[in-house]
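Here is the naming used below: chain letters follow the sequence lines, and residue numbers restart at 1 for every chain.
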There are 2 protein chains.
Amino acid sequence: MLVLTGPGGQLVNLVLVTLDRPLRADAARNRRALLEAAAAEFAERGLDASVADIAHRAGIGKGTVFRHFPSKDDLIAAIVHDRVEGLAALAVSLLDADDPGLALLEFMDAAAGHQQQLDLSFLRDAAGVNERLDGARSELFTAIIALVDRAKAAGAVRQDVAGMDVILLMCAPNHVVSFVPDADPDLWRRYLGIIFDGLRPEGAHPLAHPSPAV
Amino acid sequence: MLVLTGPGGQLVNLVLVTLDRPLRADAARNRRALLEAAAAEFAERGLDASVADIAHRAGIGKGTVFRHFPSKDDLIAAIVHDRVEGLAALAVSLLDADDPGLALLEFMDAAAGHQQQLDLSFLRDAAGVNERLDGARSELFTAIIALVDRAKAAGAVRQDVAGMDVILLMCAPNHVVSFVPDADPDLWRRYLGIIFDGLRPEGAHPLAHPSPAV
DNA sequence: TTCCAAGCGGACCGTGCGGTCATGTTAGTG
DNA sequence: CACTAACATGACCGCACGGTCCGCTTGGAA
């Protein structure tokens with residue numbers, strides 16, 4: 001980052017956008033190991049896992065972590081970006097499935113499965129910090145909303161449910177399961193089932209509160 | 001705490017159980033302010049709120065906090081104990097309501113409302129550390145299980161749901177809502193509605209995974 | 001009014017964190 | 001080879017936290 005003084009005295013930040021020179025072999029290897037270790041560590045101990053532990057797990061020095069990512073938040077954002085992008089691609093691909101209701105269920109299933117490895121709390125914490133992440137996130141959100149709209153049109157989910165509801169509720173199964181120690185790794189499926197049943201039209205009771213805006 | 005050396009050389013800890021001498025007037029006042037401030041701070045910033053901030057909010061010194069509670073965990077446990085006890089009393093009182101289904105819904109409503117002010121994550125974190133808390137918690141759990149059993153017997157909730165499911169799911173609405181910034185404080189009611197609909201017998205689909213043990 | 005145990009408070013300590021930097025190492029080009 | 005830019009490293013820094021401690025203040029019984 002180059003910092004200059006512009007006319008009027010205000011600071012001008014010129015961010016040198018990654019002119020993606022290919023990484024040296026060792027650097028690329030370390031970067032892969034780092035991302036993998038960080039994902040594993042975050043999955044096991046949450047976002048509070050220390051950079052030092054991550055570096056150790058990756059078999060590299062702590063300084064190397066900060067060579068690849070300027071801050072811990074950027075490291076988190078990189079991992080999250082990958083997941084969000086993957087989920088968005090899945091959501092889009094499910095948009096032309098035969099059964100819209102099943103497609104939505106399949107998506108929520110995959111989303112919960114991914115979250116098992118990384119809590120989605122970044123959606124709250126890492127919003128606004130990283131431009132690329134924000135883009136991927138809104139791409140994911142619009143795909144989910146389309147998925148929900150199709151399911152509603154097909155009568156597979158209740159009419160008073162909105163895309164945002166699914167976005168929020170897909171975080172619930174794993175969170176709920178995190179309370180039970182030594183839980184079966186598939187336990188979240190039970191609660192996804194219950195929650196999805198709550199989204200179905202049969203036996204739906206009027207909701208007391210409107211859905212929040214995206 | 002008195003630490004002695006017993007026969008064989010091992011340490012013997014004699015915990016002087018609170019021989020509840022009445023607190024001096026100022027101490028009682030400070031203790032009330034402390035508990036109130038801690039509850040508010042934890043509600044706003046989570047369990048990571050610092051002891052120093054809590055003390056400042058209560059208008060007392062940091063040392064005073066540790067005079068009343070030997071550690072931060074004990075402070076948390078005290079607050080949690082109160083809430084758990086309150087919820088348990090409510091659950092028990094709802095056990096002889098006319099409509100078992102409505103009683104369960106009412107309980108979950110109250111539970112979610114309380115959690116709005118204090119995440120229930122203590123159930124995971126503070127287990128095993130505090131004996132009194134463990135007692136209150138198991139009291140709460142058995143009351144909830146009874147509540148669910150009554151609702152099942154009345155046909156108000158699906159047969160394949162267990163008490164533990166409700167215990168876990170009652171944590172979900174507030175967690176889900178925590179992702180939306182500046183959310184309406186009543187938004188959790190929407191998701192409680194959806195989740196409770198998922199517990200109803202109408203439109204229930206078989207669940208893939210059995211309920212965890214208590 | 002006296003007196004002291006109970007209570008108070010904030011300077012202080014050890015620890016672990018995210019992040020930096022000067023120095024040493026290595027991949028890859030010629 | 002040799003040579004350099006890219007890269008790796010871990011000691012180090014500043015900070016904020018939970019928790020301690022000791023000198024001071026005060027409630028309340030006599």
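You'll find that the side chain of Arg67(B) is closest to dA6(C), out of dA6(C), dC7(D), dT9(D). Comparing dT26(D), dA8(D), dT26(C) against the side chain of Arg24(A) picks out dT26(C) as the nearest. Checking dG18(C), dG19(D), dC8(C) against every side-chain atom of Ser71(B), the shortest atom distance belongs to dG19(D). For Lys72(B), the side-chain atoms get nearest to dG18(D) when compared with the rest of dG7(C), dG18(C), dG18(D).
Within the 4.0 angstrom heavy-atom criterion, no nucleotide atom of any strand lies near His56(B). Within the 4.0 angstrom heavy-atom criterion, only backbone atoms of the sugar-phosphate kind lie near Ser50(A); the bases stay farther away. Lys62(A) comes within 4.0 angstrom of a base, heavy atoms only.
What separates CD of Glu41(B) from P of dC17(D) is a distance of 11 Å, to the nearest Å. To the nearest angstrom, P of dA16(D) lies 12 Å from CZ of Arg45(B).
Looking at Lys62(B), its side chain never comes within 3.5 Å of a backbone N or O of Val51(B) through a donor-acceptor pair.
The two residues Leu147(B) and Ala91(B) come nearest to each other via the heavy atoms CD1-O, 3.9 Å. In terms of heavy-atom proximity, Phe179(B) sits nearest to Pro181(B) at O-CD, 3.4 Å. Across every non-hydrogen atom of Glu139(A) and Thr142(A), the tightest pair is O-OG1, 2.9 Å. Contact between Arg31(A) and Leu23(A) at its shortest, heavy atoms only, is CD-CD1, 3.9 Å.
Contact between the side-chain N/O atoms of His68(A) and the OP1/OP2 oxygens of dC7(D) is not found at any separation under 4.0 Å.
For the segment residues 28-38 of chain A, the set of residues with a heavy atom within less than 4.0 Å of an atom of DNA chain C is empty.
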Trace of the side-chain contact (heavy atoms from CB on, under 4.5 Å) decision for Phe69(B) with Ile76(B): CA-CA 9 Å; Phe69(B) 300 95; Ile76(B) 295 175; over 6 Å; no
Stepwise salt bridge (charged side-chain N to carboxylate O under 4.0 Å, His left out) check, Glu41(B) with Arg45(B): CA-CA 6 Å; Glu41(B) 206 74 13; Arg45(B) 332 234 291 225; 3.5 Å; yes
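Residue-to-nucleotide proximity on DNA chain D shows that, of Asp26(B) and Phe66(B), the 5′-proximal contact is made by Phe66(B). Between Gly63(A) and Val51(A), it is Val51(A) whose nearest contact on DNA chain C lies nearer the 5' terminus. For Asp48(B) and Ala25(B), each mapped to the nucleotide of DNA chain D holding its nearest heavy atom, the one lying further toward the 5' end belongs to Asp48(B).
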